[in-house]
Amino acid sequence: MVQPFEDLGLTPKMADVIKMFLEDPAEPRYGFELMRATGQPSGTLYPILAKFEKHGWLTLGTEDIDPKKEGRPARRFYRITGAAVTSGRLQLAELSERYRPPVGIRHRLRPEGGAL
Amino acid sequence: VITVVLVFIAAVLLAALSGLIGDEVRGWLELVPRGILRLVAMRLPASLRQAVYNEEWLPELIFILRNAAGRPITRLITGTWYAVSMIRSAGRVSRSLRRLRGEDRSADVLVPGWGVLSLLVFLMAWLLGRDAFPMGNELAPPMEADLEPLPPLPPRKNVF
């Protein structure tokens with residue numbers, strides 16, 4: 001069942017997760033794959049996924065496989081909802097703006113690290 | 001000719017057996033992460049066990065174990081890492097999920113993380129130490145053996 005969408009304020013850890021979904025909104029994402037990609041332990045990741053699901057940001061699905069043929073049970077996947085794509089992009093842009101270094105500092109920093 | 005035939009038969013048998021032994025070892029290796037994850041699932045309240053363990057964690061672990069097919073060490077390490085990473089997080093996951101679902105948190109008793117870890121250490125020690133620490137009669141020899149007089153020492157020779 002798809003939960004109604006409610007806006008959420010994204011924390012940096014939540015933003016990490018939603019960024020993965022925004023890279024390709026049509027792509028289903030799996031728990032272990034997200035753990036590796038975001039570097040977040042299961043104790044952080046699964047509550048975030050549950051929160052997104054509860055607020056209508058993600059929908060749950062089950063992998064479409066024949067368990068007998070594949071020799072394993074179907075995995076559960078998550079997919080981002082349309083409303084979450086819009087809200088997620090806006091919030092990521094806001095976060096990016098918020099954490100952007102001040103202009104004075106930016107011109108004194110080198111991309112490879114250290115100061116000019 | 002007989003020797004050549006015997007060597008051939010032995011080689012065929014050895015090849016067949018090595019495959020069987022390999023399959024056996026691979027099967028046992030899969031049991032390690034699965035066993036750990038099953039222990040971790042004990043930390044989840046019954047209301048979440050189906051949704052979290054049976055439908056999410058276990059299929060994911062089995063996928064990891066199947067995905068790295070042909071590389072048993074990689075399989076063991078990745079699967080075990082996945083299962084062990086759940087030890088610390090099971091309590092947190094269940095607390096968060098129950099809060100989100102508005103469930104009563106006092107309904108089930110959760111097994112603490114250190115409890116699962118202690119059980120794991122005990123099981124490992126038991127499996128590894130079965131031969132090192134024999135149990136039963138070998139540990140407590142019969143009393144009669146202790147009471148029997150020692151045999152007399154052989155006469156000492158004067159070497160000087």
Side-chain angles (χ1 to χ4, degrees), chain A residues 1-11 13-14 16-17 20 27-79 84, chain B residues 23 26-27 30 33-34 36-37 40-41 43-44 47-70 74-75 77-103 105 110 112-113 116:
Chain A
M1 194 183 90
V2 181
Q3 302 287 333
F5 179 80
E6 291 173 48
D7 221 350
L8 283 170
L10 293 185
T11 62
K13 282 184 177 175
M14 287 163 81
D16 265 352
V17 176
M20 281 294 300
E27 189 72 25
R29 303 285 179 187
Y30 298 88
F32 184 63
E33 173 199 357
L34 289 168
M35 274 172 71
R36 297 187 92 159
T38 61
Q40 295 190 22
S42 51
T44 308
L45 180 73
Y46 282 111
I48 289 175
L49 291 175
K51 193 170 184 178
F52 277 138
E53 188 211 339
K54 196 196 173 197
H55 290 87
W57 283 59
L58 299 178
T59 54
L60 270 179
T62 308
E63 207 180 7
D64 187 20
I65 58 157
D66 179 4
K68 283 183 184 168
K69 195 177 164 190
E70 297 287 331
R72 63 175 177 84
R75 287 183 297 160
R76 183 186 275 186
F77 65 75
Y78 299 84
R79 195 172 266 149
Chain B
D23 286 347
R26 271 192 285 277
E30 272 197 18
R34 287 180 76 154
I36 295 171
L37 198 64
V40 175
R43 297 194 64 204
L44 296 171
S47 58
L48 289 176
R49 218 166 282 159
Q50 172 68 21
V52 175
Y53 172 70
N54 289 338
E55 293 174 10
E56 178 115 34
W57 291 356
L58 188 60
E60 202 72 43
L61 175 67
I62 295 173
F63 174 79
I64 294 165
L65 296 174
R66 295 281 185 280
N67 198 31
T74 308
R75 214 156 67 161
I77 291 171
T78 316
T80 307
W81 178 77
Y82 179 75
V84 168
S85 73
M86 299 295 182
I87 294 177
R88 279 184 61 201
S89 56
R92 197 170 164 197
V93 169
S94 68
R95 275 193 300 275
S96 305
L97 293 183
R98 296 178 92 182
R99 196 172 54 238
L100 284 170
R101 290 176 176 202
E103 287 181 14
R105 287 169 57 188
L110 296 179
V116 174

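To find a chain, count down the sequence lines: A is the first, B the second, and so on, and within it residues start at 1. What you see is a predicted model; the values in this text were computed from it and never measured.
Note: A:Pro47 leads A:Ala74, A:Pro47, A:Pro67, A:Pro41 in heavy-atom pairs under 4.5 Å with chain B.
Interface remark: A:Thr44 contributes backbone and side-chain atoms alike to the contact with chain B (heavy atom separation under 4.5 Å).
Checked against side-chain hydrogen bond (donor to acceptor under 3.5 Å, both in side chains), B:Glu56 has the following partners two or more places apart in sequence or in another chain: A:Arg76, A:Tyr78.
With a 4.5 Å cut-off on side-chain heavy atoms, A:Ser42 and B:Ser85 count as touching.
Sequence neighbours left out, the pairs with a member in residues 64-73 of chain A that pass salt bridge (charged side-chain N to carboxylate O under 4.0 Å, His left out) are A:Glu63-A:Arg72.
Separation of atoms CZ (A:Phe32) and CZ (B:Phe63) is listed at 9.5 Å; rounding is to 0.5 Å.
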